[in-house]
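Below, chains carry the letters A, B, ... as their sequence lines are ordered, and counting in each starts from 1. Any value given below was found using the heavy atoms of this structure, including those in side chains, with hydrogens, waters and symmetry copies removed.
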Number of protein chains: 2
Amino acid sequence: MGAATRERIIEAGSILFRRQGYAGTGMKAIAAAAQAPFGSIYHFFPGGKDELTGEVIRAAGRVYGALVPRFFDGAPDTAVATRCAFRGAAETLRDCNYADACPIAAVALEVASTNEPLRLATAEVFAHWVGGLTARYEGAGLAPAVAHRLAVSFVSMLEGAFVLARASKNAQVVEDAGEIMFEAVRAALDKAAE
Amino acid sequence: MGAATRERIIEAGSILFRRQGYAGTGMKAIAAAAQAPFGSIYHFFPGGKDELTGEVIRAAGRVYGALVPRFFDGAPDTAVATRCAFRGAAETLRDCNYADACPIAAVALEVASTNEPLRLATAEVFAHWVGGLTARYEGAGLAPAVAHRLAVSFVSMLEGAFVLARASKNAQVVEDAGEIMFEAVRAALDKAAE
DNA sequence: GTCTATAATTTGATAGAC
DNA sequence: GTCTATCAAATTATAGAC
C-alpha cells in the first residue's frame with residue numbers, strides 16, 4: 001500500500017496548502033493529516049518539502065485542468081459554460097465554508113520570488129489551464145488571440161475572486177465575476193458571428 | 001525619531017509580505033529589513049506579529065486605495081481609466097521584476113482560514129477598494145448593482161492577474177485582463193447611455 | 001517500508017541592561 | 001527608547017531500530 005500512502009500525503013498537502021499556504025504548513029502537519037508516519041514523507045519524497053510541494057502543484061494542475069471538459073462538454077455554448085464554472089466554484093466555496101479554493105494560488109504567491117523551481121511548476125500549471133480554456137474558446141470559433149485573452153482572464157478572474165471570497169466569506173464575488181466573464185465571452189462570440 | 005522607526009517597520013513588513021507571504025516572513029527578517037533593532041518591533045507592536053500584520057494590511061489599504069483617484073481623475077471616461085490602471089500595474093510589475101504586486105493578497109489567502117482578526121482586516125481593505133471603484137462607476141452613470149459588479153470584478157481580475165503574472169514573470173497577463181475589463185466597462189456605459 | 005528519536009536551525013516572544 | 005541575550009517551541013531533515 002505504498003502508493004496509497006504517497007497519494008494520501010499529496011492529498012493532505014493539497015488541502016493544507018490551500019488553507020494555510022506553503023510556509024505555514026509544516027511537514028509534520030502534512031504527515032499527521034495524511035495519517036502517515038513522519039518518516040514516510042522523506043521515504044516517498046527524498047527531496048523534502050520542495051519535492052513534495054512540486055508534486056502537489058502538478059497534481060492540482062491535473063485535477064483542476066480536468067474540470068474544464070466537465071463544464072464545457074455538453075454546455076449550450078462556451079459563454080454559458082463559463083458562467084456555470086464560476087457558479088459551480090461559488091457553490092463549492094460555500095459548501096466548504098470558504099476553506100478550499102485553489103490549492104496553488106497561495107503557494108504561487110509565496111514562491112514566486114523565493115523558489116525558482118516551484119515558481120516554474122506553478123507557471124506551468126497556470127499555462128496548462130489557460131491552454132485548455134483557449135482550445136475551448138477557439139473551438140467555438142474565436143480567433144486564437146481573442147480566445148487566449150479570454151482564457152487568461154478566466155483564470156485570473158477566478159483566482160482573484162477566490163482571494164476576495166475567502167477574505168470576505170462571501171461567494172457572491174465569484175458569481176459577480178462569472179457574470180462579467182459570461183458577458184465578455186458572449187460579446188466575443190457575437191462579434192465573431194457577424 | 002520613534003515614528004520613523006515604526007513607519008520603516010511597517011514598510012519593511014509590506015515589502016516582505018508581498019514577496020514571501022505572512023508565514024514565510026519572520027519578525028527578525030522584518031527588523032533587519034527595517035534597519036531596526038529586533039526589540040523595537042515589540043516596543044512599537046506589543047501585540048506581536050498579529051498586530052504588526054494588521055497595521056501592514058491597513059496601511060496597504062490606504063496606500064492602494066489612494067491610487068483610484070490617480071487613475072480616474074482626469075481620464076476621458078471610466079473605461080479608459082480602468083484600462084490605464086491595469087496597464088500601469090503591468091508596467092510596475094515589469095519594473096520590479098515581478099517582486100512587488102499586492103501586499104495583502106498572499107497574507108489574505110494564508111490567514112483566511114487560520115486567523116479571524118486578520119481575515120477581517122483583509123476583508124475590510126478589499127471592501128474599501130471595491131467601494132472606491134463602485135463610486136467611480138456610479139458617478140459615470142451606471143446603476144449601483146452594475147457598478148458594484150464591475151468594481152468587484154476589477155479587484156478580482158487584478159489580484160488574479162497578479163498571481164499569474166508573478167508565477168510566469170510575464171505582465172502581458174495583466175494587460176490582457178485589463179483589456180477585458182475595459183470592454184466590460186465600455187459595454188456597460190454604452191448600455192446605460194441607450 | 002514503518003516508525004521513533006533526535007540533530008541543527010529558526011521561529012515568535014521576553015527580560016533586562018543601558 | 002535602544003539594543004542584546006536568551007527562552008521555549010516549532011521547523012526541516014536525518015539516523016537507525018524494527
Side-chain angles (χ1 to χ4, degrees), chain A residues 1-57 106-107 109-111 113-119 121, chain B residues 1-57 106-107 109-111 113-119 121:
Chain A
M1 299 306 277
T5 298
R6 194 188 135 96
E7 290 307 308
R8 284 206 315 278
I9 292 170
I10 291 177
E11 173 65 14
S14 174
I15 292 174
L16 292 178
F17 283 161
R18 64 186 124 178
R19 296 183 187 175
Q20 313 173 343
Y22 169 74
T25 301
M27 296 290 266
K28 284 174 185 167
I30 295 174
Q35 292 186 294
F38 180 65
S40 290
I41 289 198
Y42 286 90
H43 171 73
F44 289 108
F45 305 95
K49 193 177 187 180
D50 279 11
E51 182 182 351
L52 167 55
T53 304
E55 291 303 312
V56 171
I57 291 168
V107 177
L109 287 176
E110 289 182 79
V111 304
S113 299
T114 61
N115 189 317
E116 190 64 5
L118 290 181
R119 175 190 75 78
Chain B
M1 288 278 108
T5 298
R6 194 188 135 97
E7 291 308 307
R8 284 206 315 280
I9 291 170
I10 291 177
E11 173 65 14
S14 174
I15 292 174
L16 293 178
F17 283 161
R18 64 186 125 177
R19 296 183 188 176
Q20 313 172 343
Y22 169 75
T25 301
M27 297 289 267
K28 285 170 185 167
I30 295 174
Q35 292 185 291
F38 180 65
S40 290
I41 289 198
Y42 286 90
H43 171 71
F44 289 107
F45 305 95
K49 193 177 187 180
D50 279 12
E51 182 183 350
L52 167 55
T53 304
E55 291 303 313
V56 170
I57 291 168
V107 177
L109 287 175
E110 289 182 81
V111 304
S113 299
T114 62
N115 189 317
E116 190 65 4
L118 290 181
R119 175 190 76 77

Treating primed atoms plus P, OP1 and OP2 as sugar-phosphate and everything else as base, which nucleotides of nucleotides 13-18 of chain D get B, S or - for protein heavy atoms under 4.0 Å? BB----
ring-ring contact (aromatic ring centres under 6.0 Å, His included) involving A:Phe45 - partner list, sequence neighbours excluded: none
Check the distance between C:dG12's C1' and B:Asn115's CG and give it to me in whole angstrom. 14 Å
Once you round it to whole Å, what is the distance between P of D:dT4 and CD1 of B:Ile41? 14 Å
Atom CD of A:Gln35 and atom P of C:dG1: how far apart are they, to the nearest Å? 19 Å
Rounded to the nearest Å, what distance is computed from the CD1 atom of residue A:Ile30 to the P atom of nucleotide D:dA10? 17 Å
Taking only residues two or more places apart in sequence or in another chain, which ones pass side chain to side chain donor-acceptor pair (under 3.5 Å) with B:Ser14? B:Arg18
Can you name the side-chain contact (heavy atoms from CB on, under 4.5 Å) partners of B:Ala12, sequence neighbours left out? B:Ile30, B:Ala33, B:Ala34
Want to settle it: does B:His43 or A:Thr25 sit nearer the 5' end of DNA chain D, counting the closest nucleotide to each? B:His43
Partners passing side chain to side chain donor-acceptor pair (under 3.5 Å) against A:Ser40 (at least two apart in sequence or in another chain): none
Quick one: do the B:Gln20 and A:Thr114 side chains pair a donor with an acceptor below 3.5 Å? no
A:Gln20 CD to D:dA10 P: how many Å, rounded? 14 Å
B:Phe45 CZ - D:dT2 P separation (whole Å): 12 Å
Mind jotting down which residue pairs meet the salt bridge (Lys or Arg N to Asp or Glu O under 4.0 Å) criterion with at least one end in residues 42-56 of chain A? Sequence neighbours excluded, please. A:Arg6-A:Glu55, A:Glu55-A:Arg58
